[in-house]
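Worksheet: the structure to be examined is printed underneath.
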Amino acid sequence: SLPEMVVDGIEVYSTKIHCRVTSRFAHNTVTTRATNRAETAKEVSFDVELPKTAFITNFTLTIDGVTYPGNIKEKEVAQKQYDRAVSQGKTAGLVKASGRKLEKFTVSVNVAAGSKVTFELTYEELLKRNKGKYEMYLKVRPKQLVKHFEITADIFEPQGISSLDAQASFITNDLLASALTKSFSGKKGHVSFKPSVDQQRSCPTCTDSLLDGDFTITYDVNRESPANVQIVNGYFVHFFAPHGLPVVPKNVVFVIDVSGSMYYQKLKQTKEALLKILEDMKENDYLNFVLFASKVRVWKDHLIQATPENIQEARAFVSNIAAEDTTNINGGLLRGIEMLKKAREEHQVPERSTSIVILLTDGIANEGVSRPEDIQANARNAIGGKFPLYSLGFGDNVDYGFLEKLALENNGFARRIYEASDATLQLQDFYEEIANPLLTGVEVEYPQNAILDLTQNTYKHYYDGSEIVVAGKLADKDMNHFKADVKGHGAFNDLSFTEELDAEEMEKARQEQDYIFGDYIERLWAYLTIEQLLDKRKKAQGEEKENLTAQALELSLKYHFVTPLTSMVVTKPEDNEDQTAIADKPGDDQVDVPPSSAVLVGYQPPQTPYYYVDGD
Amino acid sequence: PHFIIRVPGKNDALCFNIDEDPGTVLRLIHDPVTGLTVHGEIIGDKVASADSKTRNTYFGKLGIANAYLDVRIEVTPEKISLWNGEAQSTFSWLDTVTVTQNGMTMAINRKKNIVLSFGDGVTFVVVLHQVWKKHPVHRDFLGFYVVDSHRMSAQTHGLLGQFFHPLDFEVSDIRPGLDPSKPVATMVVKNHQLKVTRGSQKDYRRDASVGVKVACWFIHNNGEGLLDGDLKDYIVPALF
């Protein structure tokens, strides 16, 4: 080893990130091998930042050839182990939300002099299609130069890969070109990023690493047909992403918080984003603005068509929005909802159009109806399932849990807008995602009695560039004919797509299993089911919530997923005393609050006791 | 392309070929009352034959429009485009999809055909003929069938449309031709006396690769004498 590669006695021999993606389902393994070259025991730590949408499925620790595997346990059981470890004076590293897209997994372990340690973390996620691409996001941040650093991705897509790209934010294009290879042909794609030690240096004579940033792989598949069904071992997944359809006109009401807390920067960014959004509005869309502080005021009494003249007027209105006073979310929201309902009832908007409420707020209701439960009930009752509500939570003080439930209860979703220089872009990005509905009222149907345990199969909207994914179990594992119908309403017509697989096609699909990890569709189904159960759980109460929790927990345990309901425990016997590591999953609403979850690693206390002197 | 005209009253069929240069667009149906128009663009083989008598021509593009619904449908062997006004929807022959809107239903049956209905009483079928992609000569082409036209008006015209009205013909003097399996005869139709040959053409509605033989009287010279007016009358400048 080169002396410069040993930092504080520890040499990190290799770090390898291997991603195996089959039909959008990513199975990622991060492996780090290190050696303690010091003459005394040293603490070696292992940090991985993984997507918030991923579930850890395994973590193992191998010390001097002995592997300590991870076990998934119900969170409460793991918590007791955690508490016991803490009470025995062991320290804990924490898993917490890290930035916008990631959460951080940290483990450290004491390694004897001359010993070798291998950390291996595995996580899985279903890559979601957004604006026509699947994105796999990896954070790269080795603490020191690594002899063998490598990221590899093997992608297998039965539909065939239409594009593949990889980008690193931390390296110049010249260096990237020599360290990165990417290729795809037919159904297979491959990405390899393998910087040499010299390429990792932040400068030619530096011993610190420049590898610190985002590594992103993006790709898409061929779309000769709008749908694709894959069946393996009695489980199926049905992908549906039609294109080439005209956009359904939208009726959008922006319900915007203009209370005092939005003053200056947040309002400035909101206005910039709205001005950009107005530029992108299509002429057959309708819109209005509802501003709320202590009082509610509207731009127009009813929705207005996005003609060039009206857009010009809207721009002037947006430019003059000013912040004031307290926060009456309930008042603003109900005004917006009523306006959309009235527009439909009075035929002010095209019959074949879709309505959307977009709520943007940075705070907590403190004017009018302010109990979150009451606001949620009011919105739910007023909307009555007729159209979706999207919540955008701006900044750190927002009650994100409330906004998320509000959106989920009304067929929408919530997004956090991070208070940063790119907040304007974040808002625009959100809008672009929902700006192009191609279908509304989408229903995916399968023959009755043929399918069990179906994941969500109805969607209010299908947006251009996204993808609807439905998975389930076949009632008869050996069935040799599969049929699915997808119905939806387009801008001008109703469409009914049929996807059929005959015995021959099903056999061909089975043969393709040689290329893929065998139970991936079953795991994809389990992942999707757990994700949807957890979402439903967020808006459920009482017995329903308990049932949903029980179902999600059972699946998490069965499929070895670290979800918000489970923890992974790694126990390393040492000195007749168990050392315990626990991996948990923090929720998104836990940002900037003390995490209730942790990775704990058993840690040998320092040999020399510490003595404390306190001022009192 | 070859045309087959079933004459129900006679329990027989007439057929003719239209030989025009690739790129030529022909008016197949035009009904000013229902607003329906069907045009077809001719394509040739990948390698054009020097001899115009032996060259093959097919329909490579069909344009179906309904002026009253403001709907246009363009079908090629590669894709199907539907316009509602200026808004375009594109479908592939790999789709199985039914599109329903006021006054129209379009059902695409994956790799086979499109069944297009305008209200009750007008139904067309477009058949996809696929050949081996690497075939040195032939290329994919389309067939067009009118399976129901009873709601089309008496003013309907076009290479096919003119036959939606009752047609009468008489065949006499059937005699052996140069090819013993193809007797020739004299036909009186639309006040013309024509020399016709007994032959057969294929109906590919049920199966685009096999087809069902339809015995017919073949009218030579681009249907001259059977068709109203001159062939040039049916040539239009564009698909829509």
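Keep in mind that the numbers below use all heavy atoms, side chains included, and drop hydrogens, waters and symmetry copies. Residue numbering restarts at 1 for every chain, and letters A, B, ... go by the order of the sequence lines.
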Around atom [atom1] of [X], are there more than 12 heavy atoms from other residues, nucleotides or ligands closer than 6.0 Å?
X	atom1	value
B:Asn11	CG	no
A:Lys276	NZ	yes
A:Glu346	CD	yes
B:Arg6	CZ	no
B:Lys213	NZ	no

Output the residues of [range] for which the shortest heavy-atom distance to chain A is under 4.5 Å, in residue-number order; output 'none' if no such residue exists.
range	value
residues 98-128 of chain B	B:Thr98, B:Val99, B:Thr100, B:Gln101, B:Arg110
residues 84-92 of chain B	B:Asn84, B:Ala87, B:Gln88, B:Ser89, B:Thr90, B:Phe91, B:Ser92
residues 68-81 of chain B	none

So do A:Ser225 and B:Asp95 actually touch side chain to side chain, heavy atoms under 4.5 Å? yes
Strictly less than 4.5 Å between heavy atoms, which residues of residues 303-310 of chain A line up against chain B? Please order them by number. none
